[in-house]
Every structure is written in structure tokens, then in C-alpha cells.
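Quick notes on the structure that follows.
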Amino acid sequence: MGGYLEAIVRGIARSSLLTAADYNNLCQCESLDDIKMHLSATEYGPYLQNEPSPLHTTTIVEKCTLKLVDEYKHMLCQATEPLSTFLEYITYGHMIDNVVLIVTGTLHERDVHELLDKCHPLGMFDSIATLAVATNMRELYRLVLVDTPLAPYFSECITSEDLDDMNIEIMRNTLYKAYLEDFNRFCQTLGGATAEIMSDLLAFEADRRAVNITINSIGTELTRDDRRKLYSNFGLLYPYGHEELAICEDIEQVRGVMEKYPPYQSIFAKVSYGESQLLDNAFYVEEVKRLCLAFEQQFHYAVFFAYIRLREQEIRNLMWISECVAQNQKSRVHDSVVFIF
Amino acid sequence: MGTTAAAETEGRGEAVGEEDGAILQLLDSLDGYISLMGSLSSSLRQGWLELSSARHSMGNSRISSTLFDMKPHSSATTVDLTVSTGESPSHDADQAMQPHFSLLKWGSRGDEKSPSVEVDGKTPSQASSCSGRTSCGLLLLKTDDSDEGGISATIYPAVAADNQVRKKRSKALSMFGALVPPKLRVAQGSFETSLEAIIEIANTRSTILSALGRLQTVDLRS
């Protein structure tokens, strides 16, 4: 059952997550070099120590991400089935993002090597560079993606339409929808605490994506039907909440829909009318709360998912703090930092 | 002799009045320039933070310079440079050559039917002559009259203009994806405000240089 790995995640890895005291110190830094100095005392230290000044915020994020990738690879190489498949599922979201990045960048006539440098390391696969030769989704699938784990998710996307910005966005969200549904099904086959906890976490992810798709598509060319097709077929909002979200024309209508669901009432209660920009942070706070609760039960795989997601949140925190320090906007640093544990 | 002295005194008085006027204009322009620089700094700071906020929620790979569109495409926003060569009351060559910048936001070039929103100045079709377009999208115009009636804004049919502007705004952001969060749109608005401030600063600077030139001319005469 992966006892060694669970012990690693609960014991060593979890204790190395940055604490509130660490964040308070980082928020008081005057420059990115100060941040590097404070991080040198953490497990990020070895990854940043050789970076020359002047530092850039993207460098801090890249190096911290490398640490996450090393931890993930260590877990993956030690894992046996079905944990290894579970761990691979966690990376498919990044794989989808990388595919879309390469395709979008190619559409904009960018150099493939430049695009590959920007890809998330957790989502890399062997033939990713070949994506640049495809001009429509059918070719994308036939030439490259048929041999990747994303192949089963393409059945709803395959068309001969040329790739443009809207089609690519629809492809991204359709792939992600299929991935979430597949991951949910896989977790249900595992049963036990894994199924129970992952069902809650993935349902939250599906609902959050539905809200984001709705808000981001307001005022765009995306039709109501197309919007509805991008929502996952599970989650608390499925199916009646999705029907209502599909016809929303502004953010206040979205609020009206979401406030009917008690778990999301508290999220929208934190966001005043006209302050929709704080909604992302409210969702992150709720997500972190649920991820931390995953550690309360024993002997299940959801701790691995929770750990990876908490690390990603930690990297987002570091990114935001670095940006506020670099732009001399420290008064805004607490807008988007989410404390963990 | 008394008449000559009175004329001299009157002339000196006029010169002092003109000098005072030039100094006041210069100081007013400087004050406006400093205010505009402050508001530009503020809107740019806000824009950069909002962009960082959008990157925080969308992810670094979804908002980066790597996604900029390198395909050749026309500019959605251009700057018009108007150089007035008309007769000015003071018959001053420097003053007559005062350049004036105006921003054409989200408007297509050379298409009279396509609605655009003009922040200041004239549309290209109203100019008496057109001297061509520079490679960076500037249109150099020469006008016959010195239209110094102050700043005016010309708004074409409102609804069509709004739709066109909204579409062009979305198109500009589409390099980051077709479904972008409100934070990115807000950042776009802040940078748009900054662009307007930059044009106003350029015009104010032009006024400062003109006032300085006028002051130097008055000094030389006196």
C-alpha cells in the first residue's frame, strides 16, 4: 500500500512546508535577494543557492518547481501499482496545459524550443515537440497524442477544423473535463478512504472549473451550449447548477446560482459585490482547507494528491510574495497568500 | 519726446505682460506635467500588479511573453502626430511648429465607415493633406489652419463603436487564451489608461517646450 511513501509524505515532506512564521519573514523582505536568503534556510535553499543576482521572480518559481518535480519523481519511482497510476494521473493536468501551450505558441509563430522551456516539467512527454507540426486536432491526435495518456480524452475533440484561439480553448477545457471524469472513475475503483476523499477533492475541482469557465466566458463568443459542454459531469453543481450557470450573463448571476449551495455560500460571502477578483483567492483558501483535511485519515492515496497540490499552492504563494516585493507593493502581499496548515 | 517716452513705457509694459503670460503658461504646463507623471506611475503600478495577479491565478505558462503573437498584424491602436504650420498671432516659427499627439484607440486605419473613438485631435479624413505613414503606425499630417479651439473628442455611433472596441479588446487578449479571467481585462484597462496618460504627457511636454521658446523670444526682444 505504499507505507514508506505515505510516511515520507506525512512525516518529512509535510513538515517541510513553509509555516506562517516563514511567510511573515518573507513578506517583510525588501528585495528578491532577501527572499533567496530566507529560503536558503528551507528545503528550497539548495535549488536557489547557485542562482546569480539579480534574481527574477520567474527564476524563483522555476527552481521551487524543480524541487517539487524531484520529490514527485522520487515518489513515482518508489511506487507500485495502483499508486503509480494514481501518481501519474496527478500530472495529466499539466500535460494538457503543455499541449495547449505548444499548440498556441506554434499558432503565434513562436520557436518550439522557447515554448518547451516554458512547459511545466511534470507534464512533459517524449513526443511533445512534435506537436508543432499539427494544424488541426485530427493531426494533433494522429501524429502525437495517440501514444500519450491523453489519447482517450480526445474522442470528443477530434475535428478537422483549423486550430484557432477559441478552438484551442475549447480543446483545453474538453480535455480537462475528460481527464477529471476519468480520474474520478479511477479513484472510485480504488475504493475506501481514497475514493471518499478524492471524490470530494475532485468534485470541488470540477465545480471551481465550472465557475471559472462561466465567469471567463461572459461577454465572449462562447455560446451557452458550448459553455455547458465544458462543464464536468460530476460534482455538487451537476446537473442543475450547471444548467443555471450556463445561462449566466454576469458575475452577480453566478453568485446567485452558487449561493444556493451551502459549501459555496461561505466562499461567495467572503467576496463583496463588485469584488470578483477576490474570488480566486477564496477558492484557493477553501481548496487548501480540504487538502489539509485529507491528512486526517490514514492509509489512503489522497495524501499524495493533497501534498502535491499544497506544494503547488506554496509555490504560488512564493510567486505572489516575490512579485509584490519586486514591484514594491508589499501592502498587497496578503491579498493572495494562503497559509497552509 | 513725452510721446516717445510714453510709447516706450507702453511697449515695455506690453513686453512685461507677455513675459508674465509666457512664464505662467510654462509653470502651468510644468504643474500639469508633474501631475500626469504621477498618475502614469500610479496606473502602471496598478497594471503590473493586476497582471501579476492574473498570472498568479492562471499560471506562469499561460501569461508570459512566450505567447505573444509574432505573426504580422495591424496595430489596433495608433498615434497621430499633427504638426501645425499655420499662422499664429505671434508670427513665431517655433510656436507654429508645435507638434500635437492624438491617440486612436482600437480603431482601424483609413476606413471612414469603421467607427473609432478619438481621444483628441482630428480624424485622418479631416486633415487637409496626408504625408504618409511611418513603419511604426504613425500618420504625419499637415493642417492648414491652426485649430486651437482646445481639446475636443469626437464619438462616432456609440453602440457600433462599443461593440467594435469590445471585440478588439478581446482580440488583443486572445493570445493568452479565448477565456481569460477578469483580472487580465482589468490589467488591460490600467495599461490603456497609462497609454492615454503618455499621450497627454507628450502633448504637455510639447506645450512646455513651446512656452519655453516663447519665453526665450520675449527675453530676446526685451
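A note on names: the letters A, B, ... follow the listed sequences, proteins ahead of strands, and every chain is numbered from 1. Note: hydrogens, waters and symmetry copies are ignored here, and every other heavy atom, side chains too, is used. As the structure is a computational prediction, the values presented were derived from the model and not from experiment.
Heavy-atom distances place the side chain of A:Tyr284, and not its backbone, under 4.5 Å from chain B. The parts of A:Leu115 that come within reach of chain B are both its backbone and its side chain, each placing non-hydrogen atoms under 4.5 angstrom from that chain. Contact annotation for B:Arg185: only side-chain heavy atoms (C-beta onward) come within less than 4.5 Å of a heavy atom of chain A. Proximity to chain A (any heavy atom under 4.5 Å) is shown, for B:Ser61, by both the backbone and the side chain.
Looking at A:Asp280 and B:Lys183, their side chains come closer than 4.5 Å, going by heavy atoms from C-beta outward. For the pair A:Arg110 and B:Phe68, the minimum side-chain heavy-atom distance is below 4.5 Å. No side-chain heavy atom of A:Glu323 sits less than 4.5 Å from a side-chain heavy atom of B:His56.
Annotation for A:Asn216 and B:Pro182: closest pair OD1-CD, 3.6 Å, computed over non-hydrogen atoms. A pairwise comparison of heavy atoms in B:Ala178 and A:Thr220 identifies O-CG2, 4.1 Å as the closest pair. Across all non-hydrogen atoms, the minimal contact from B:Ser52 to A:Gln327 is OG-NE2, 2.7 Å.
Environment of NZ in A:Lys330: crowded, with over 12 heavy atoms of neighbouring residues, nucleotides or ligands closer than 6.0 Å. In the displayed structure, B:Met37 atom CE is contacted under 6.0 Å by at most 12 heavy atoms of other residues, nucleotides or ligands.
A distance of 11.0 Å separates CD of A:Gln329 from OG of B:Ser53, quoted to the nearest 0.5 Å. If you take CG on A:Asp111 and OG1 on B:Thr66, they are separated by 10.5 Å, rounding to the nearest 0.5 Å. The CG atom of A:Asp165 sits 11.0 Å away from atom CG of B:Leu173, with the distance rounded to the nearest 0.5 Å.
Each of A:Arg332, A:Arg172, A:His120 has some count of heavy-atom pairs under 4.5 Å with chain B, and the biggest count is that of A:Arg172.
Judged as a side chain to side chain donor-acceptor pair (under 3.5 Å), the pairs with a partner in residues 205-214 of chain A (not counting sequence neighbours) are, in order, A:Asn173-A:Arg209, A:Glu205-A:Arg208, A:Glu205-A:Arg309, A:Asp207-A:Tyr264, A:Arg208-A:Glu287, A:Thr214-A:Tyr231.
Just one residue in the list A:Glu62, A:Met319, A:Arg316, A:Lys118 forms a side-chain contact (heavy atoms from CB on, under 4.5 Å) with B:Asn60, and that residue is A:Met319.
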Requested in this report: Please step through side-chain contact (heavy atoms from CB on, under 4.5 Å) for the pair B:Ser57 and A:Asn281, ending with a clear verdict.
Outcome: CA-CA 8 Å; B:Ser57 46; A:Asn281 199 53; over 6 Å; no
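Taking non-hydrogen atoms and a 4.5 Å limit, the residue list of residues 99-109 of chain A in contact with chain B, ordered by number, reads A:Leu101, A:Thr104, A:Gly105, A:Leu107, A:His108, A:Glu109.
A salt bridge is defined here as a Lys NZ or Arg NE, NH1 or NH2 lying under 4.0 Å from an Asp or Glu carboxylate O, and A:Glu169 with B:Arg62 meets this definition.
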